[in-house]
Structures are given as C-alpha cells and as structure tokens.
Amino acid sequence: MLEVREGEKLYIDSAFDLQFFADEEKTEEATPKKKREAREKGQVPKSVELSTVCTLLVGVLALNAFSSGFITRLYEYMKYSFSTRVLNYNLTDLAVHNIFTTNLLFIITCFLPIGIFVLLGGVAVNLLQTGWLFTTETLKFKFDKLNPIAGFKRIFSPKSLVQLVKSVFKLVIVGWVIMGTYRKQALPLAELSLLTPSLQAVTRIWRMIINMIIRICLILLVLAIFDYMYQRYEYRRSLRMTKKEVKEEFKQAEGDPQVKGRIKQKQRQLAMRRMMQQVPKADVVITNPTHLAIALLYDEEKMTAPQVLAKGEGFIANKIKELAKENRIPVVENKPLARMIYKTVEIGDFIPPNLYQAVAEVLAFVYNLRKRRSSV
C-alpha cells in the first residue's frame with residue numbers, strides 16, 4: 001500500500017484491484033442447458049402447499065360426494081361395533097376372523113373409492129406443477145446436508161422466514177374459520193347434544209365439518225397459488241448465472257473460437273494440399289495472368305465437359321503456375337475466361353455450357369501445341 005500526500009489531500013494508491021475480491025452478481029437468466037441439468041437432478045419449481053391443499057380438497061369433495069352412503073355405513077358400523085352381541089363375543093379363532101373380515105370389508109368399501117380420488121388428485125396436481133419427471137438424484141445421500149453451519153444458515157435464511165410467516169398465517173385462517181363456524185352453529189350443536197344420538201344428528205354434524213373444511217381449503221388454496229408463484233420465482237432466481245458462466249457455457253456449446261479457428265485453418269490446409277495434388281493431372285492452366293489461375297482437365301472418353309481441378313488467386317495462383325511449369329502443363333493467358341471460371345465454377349465442378357466455346361478454343365490451342373511438340 002502506497003500513500004501519497006499532495007498538499008492537504010491524501011491519496012491511496014493500491015496495487016490491488018479490490019473488485020477482484022467481489023463476487024460477480026448472478027444477473028443473467030438460466031440457459032436451457034442449465035435448466036435441463038437442474039431438472040435431471042430433480043430441481044423443479046414445486047409448491048408443497050399447493051399439493052397438500054389440492055389433495056385435501058379433492059379428498060373432502062370425494063367425501064362429500066359419497067357422504068350419504070358413507071355416513072349410513074359408518075353409522076351402521078358403529079352401532080354394530082358397540083352392540084351387546086359384539087361386545088359379548090367369546091373370542092375364539094372364528095370370532096376374531098369374523099371381526100377382522102368385517103372391519104376389512106368396511107374399510108375397503110368406505111375408504112377405497114375416496115382413497116382412489118385422493119391418489120389421482122395428488123398425482124394430477126404434481127404433474128401439473130412439474131410435468132413427467134423421474135430421477136433418483138434426490139434419493140442420493142449428500143454429506144453437505146450434515147454440515148451444521150449450512151443447517152443454521154438454512155434455519156435463519158429468508159426462505160425459512162417465509163415458511164414461518166405462511167405457517168402462522170395458516171393457523172390464523174384455520175382458527176378464524178373454526179371460530180366463525182362455531183359461533184354460527186353453537187345453538188344447533190347445543191340442541192343436538194340434548195337429543196339421543198341418531199343418523200340425523202350425525203348427518204348434521206358431518207355437513208358442518210365438511211363445509212368448514214371446504215372453506216378452509218378454498219382460502220388456503222389462494223395462499224397456495226401465491227406460494228407456487230413464489231416458488232417459481234425462487235427457482236428462477238436460484239438458477240441465475242453470471243455473465244462469465246453464460247460465456248463459458250456458450251463456448252462449450254459452440255466451441256472455443258480459437259480452437260474452431262485452428263480447426264478451420266487445418267481444414268483449409270488439407271483442402272489446399274489435396275487441390276495442389278490434382279494440378280499435375282490438368283491439361284491446361286488458364287491465368288489472368290498474374291492474379292488468377294485455374295487448372296482444367298478434360299477426357300473426351302469419360303467427360304462431357306472440362307472439370308476444374310484447382311483454382312486460386314495471389315499466392316495460390318503462383319503455386320498453381322509453378323506446378324504447371326514443373327509438370328510441363330501449358331499455361332494460357334485469357335483474362336475474361338479466367339475471371340468468369342473463377343467466379344462461377346467451384347473446384348471439382350464441370351464447366352457450364354455458356355463457357356464451352358471459350359474453353360474449347362483454349363483446349364484446341366493446347367492440343368495443337370502438343371501435336372507440334374510431338375512432331376518435333
């Protein structure tokens with residue numbers, strides 16, 4: 001640390017960049033790749049409150065739908081269970097078997113339809129939240145969950161505070177609904193307490209309880225919807241990335257630009273080497289004469305038109321001409337034809353019909369030149 005005084009002012013010149021120690025803020029939305037990896041690990045936005053309330057509401061509605069038959073069977077079962085004949089049973093093996101069979105049949109006939117509705121409702125609400133997802137990642141044991149420091153952080157985290165507020169709010173709602181219901185039904189309940197227990201009394205109490213639970217569930221459902229929205233917000237916030245992380249992921253997905261550049265350079269070198277190996281097979285090289293060079297091959301028996309074996313400009317054109325001289329291939333200067341072939345015909349392609357006449361003249365010149373050389 002270097003301190004420099006200048007007049008009455010004090011300046012501190014530091015050799016360190018303090019921003020180096022600061023964590024980069026996660027301001028970027030998660031990429032599709034990170035979302036996919038998080039989903040594979042079982043990290044999805046999900047509200048336990050919404051699942052619980054919807055499952056409970058489906059169960060209560062199912063109970064209400066089957067209430068007439070359910071209450072009747074329950075009432076008859078209770079009368080039968082506390083009847084003198086049953087209470088005075090001699091507990092033999094047959095009696096125990098009959099009691100067990102009776103109780104089992106009652107449970108199946110009464111609670112199985114309701115249980116099926118509850119199961120379907122729970123599965124449906126979870127599928128609506130997370131979609132179809134099967135992973136074993138959440139079942140794996142993680143040692144970091146045993147870290148007491150991390151545990152204290154979770155206990156005193158903002159998320160825990162939100163859970164505490166929700167729990168208190170739910171208790172207040174449940175207490176408020178129960179007290180409101182009791183005040184309205186206090187007198188009818190007092191009247192029922194003076195009557196001999198009957199199916200009518202049981203039905204009235206049952207209706208009161210069902211209506212009270214439905215009111216609680218509907219109010220909690222509103223809270224659960226907000227909780228689901230909050231969980232989605234927390235999920236997106238937890239998956240946020242820094243700009244550096246986004247760049248690194250992009251590099252991994254698209255490839256490092258430097259590596260891609262080197263690969264393209266190698267590909268160009270290989271293509272150039274293959275092209276130069278074809279030049280000695282050419283019949284003629286047409287030049288610009290200094291900037292362009294095109295090597296052509298024509299076999300009357302195998303080809304319908306001349307083929308471009310190699311082409312290039314500048315340094316590549318000079319290399320083509322050098323190879324042509326080394327292999328005693330005729331080099332013909334034709335500026336318009338060289339420019340036209342260079343622009344319109346790719347390496348390995350055949351000359352188009354509109355250039356047949358010009359190329360034929362060049363090839364005729366080359367064939368005459370060969371005849372002269374062979375006759376000498």
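Given the structure is predicted, the values throughout are model-derived calculations rather than measurements.
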Looking only at heavy atoms, what is the nearest atom pair of H291 and A317, with distance?
-> O-CB, 3.5 Å
Treat each ILVMFWY residue as a node, draw an edge where side-chain heavy atoms are under 4.5 Å apart, and state whether V222 and L128 are in one component.
-> no
Is there side-chain contact between E49 and T52, with at least one heavy-atom pair below 4.5 Å?
-> no
To the nearest 0.5 Å, how far apart are CG in L337 and OH in Y342?
-> 15.0 Å
Side chains of P306 and L297: does their closest heavy-atom pair fall under 4.5 Å?
-> no
Honestly curious: do L63 and I116 fall in one hydrophobic cluster under the side-chain, below-4.5 Å linking rule?
-> no
Taking the side chain as C-beta and beyond, is there a heavy-atom pair between L119 and T55 under 4.5 Å?
-> no
Measuring from I347:CD1 to M272:CE, what's the distance to the nearest 0.5 Å?
-> 7.5 Å
State yes or no: do L120 and I108 share one hydrophobic cluster built from I, L, V, M, F, W and Y residues joined by side-chain heavy-atom distances below 4.5 Å, directly or via other members?
-> yes
Taken to the nearest 0.5 Å, the spacing of M276 CE from K319 NZ works out to 7.0 Å
What heavy-atom pair brings N126 and S51 nearest, and what distance separates the two atoms?
-> OD1-OG, 3.5 Å
So how far is it from L57 CG to I216 CD1, rounded to the nearest 0.5 Å?
-> 11.5 Å
Taking the side chain as C-beta and beyond, is there a heavy-atom pair between V60 and L56 under 4.5 Å?
-> yes
Does the side chain of V177 come within less than 4.5 Å of I219's, by heavy atoms?
-> yes
Would you find a donor on one side and an acceptor on the other, under 3.5 Å apart, between the side chain of K311 and the backbone of V345?
-> yes
R237/E234 ion pair, N-O < 4.0 Å = yes
Got more than 12 heavy atoms from elsewhere within 6.0 Å of CE, M229?
-> no
Within one Ile-Leu-Val-Met-Phe-Trp-Tyr cluster: V48 and V174, side-chain cutoff 4.5 Å | no
Indicate, with yes or no, if V172 and L164 share a hydrophobic cluster defined by side-chain heavy-atom contacts under 4.5 Å among Ile, Leu, Val, Met, Phe, Trp and Tyr.
-> yes
Does the side chain of Q269 come within less than 4.5 Å of Q265's, by heavy atoms?
-> yes
So, do F350 and T304 sit near enough that their side-chain heavy atoms are less than 4.5 Å apart?
-> no
If you count the non-hydrogen atoms of other residues, nucleotides and ligands that lie under 6.0 Å from CZ in R339, is the total more than 12?
-> yes
Using a cut-off of 6.0 Å, state whether more than 12 heavy atoms not belonging to M340 lie near its atom CE.
-> no
Could you tell me which non-hydrogen atom of Y228 sits nearest to which non-hydrogen atom of Q129, and how far apart they are?
-> CD1-OE1, 3.3 Å
Check G312 against I320 and note the closest heavy-atom contact, atom names and distance.
-> N-CD1, 3.9 Å
Where the side chain of Q307 meets the backbone of D349, is there a donor-acceptor pair that is under 3.5 Å apart?
-> no
Would you check, one step at a time, whether the test side chain to side chain contact (heavy atoms under 4.5 Å, CB included) holds for L50 with V125?
-> CA-CA 8 Å; L50 185 60; V125 71; 4.3 Å; yes
Side chain to side chain contact (heavy atoms under 4.5 Å, CB included) between L309 and M275, intermediate numbers included = CA-CA 7 Å; L309 295 182; M275 184 181 72; over 6 Å; no
Between E346 and V308, which heavy-atom pair has the shortest distance, and what is it?
-> O-CB, 3.9 Å
Under 3.5 Å donor-acceptor, D283 side chain and Y298 backbone = yes
Rounded to the nearest 0.5 Å, the OG1 atom of T287 sits from the CD atom of E313 at a distance of 14.0 Å
Y356 atom OH, over 12 foreign heavy atoms within 6.0 Å = yes
Is there a side-chain contact between I341 and I351 (heavy atoms, below 4.5 Å)?
-> yes
First locate atom CD1 of I329, then atom NZ of K281, and finally report the distance between them rounded to the nearest 0.5 Å.
-> 11.5 Å
Heavy-atom nearest pair, A62 first then F117, reads CB-CB, 4.0 Å
Report the C-alpha distance between K34 and M241 in whole Å, list the side-chain angles of each, state the deciding distance to 0.1 Å, and finish with yes or no for side chain to side chain contact (heavy atoms under 4.5 Å, CB included).
-> CA-CA 9 Å; K34 186 166 185 179; M241 307 169 67; 3.7 Å; yes
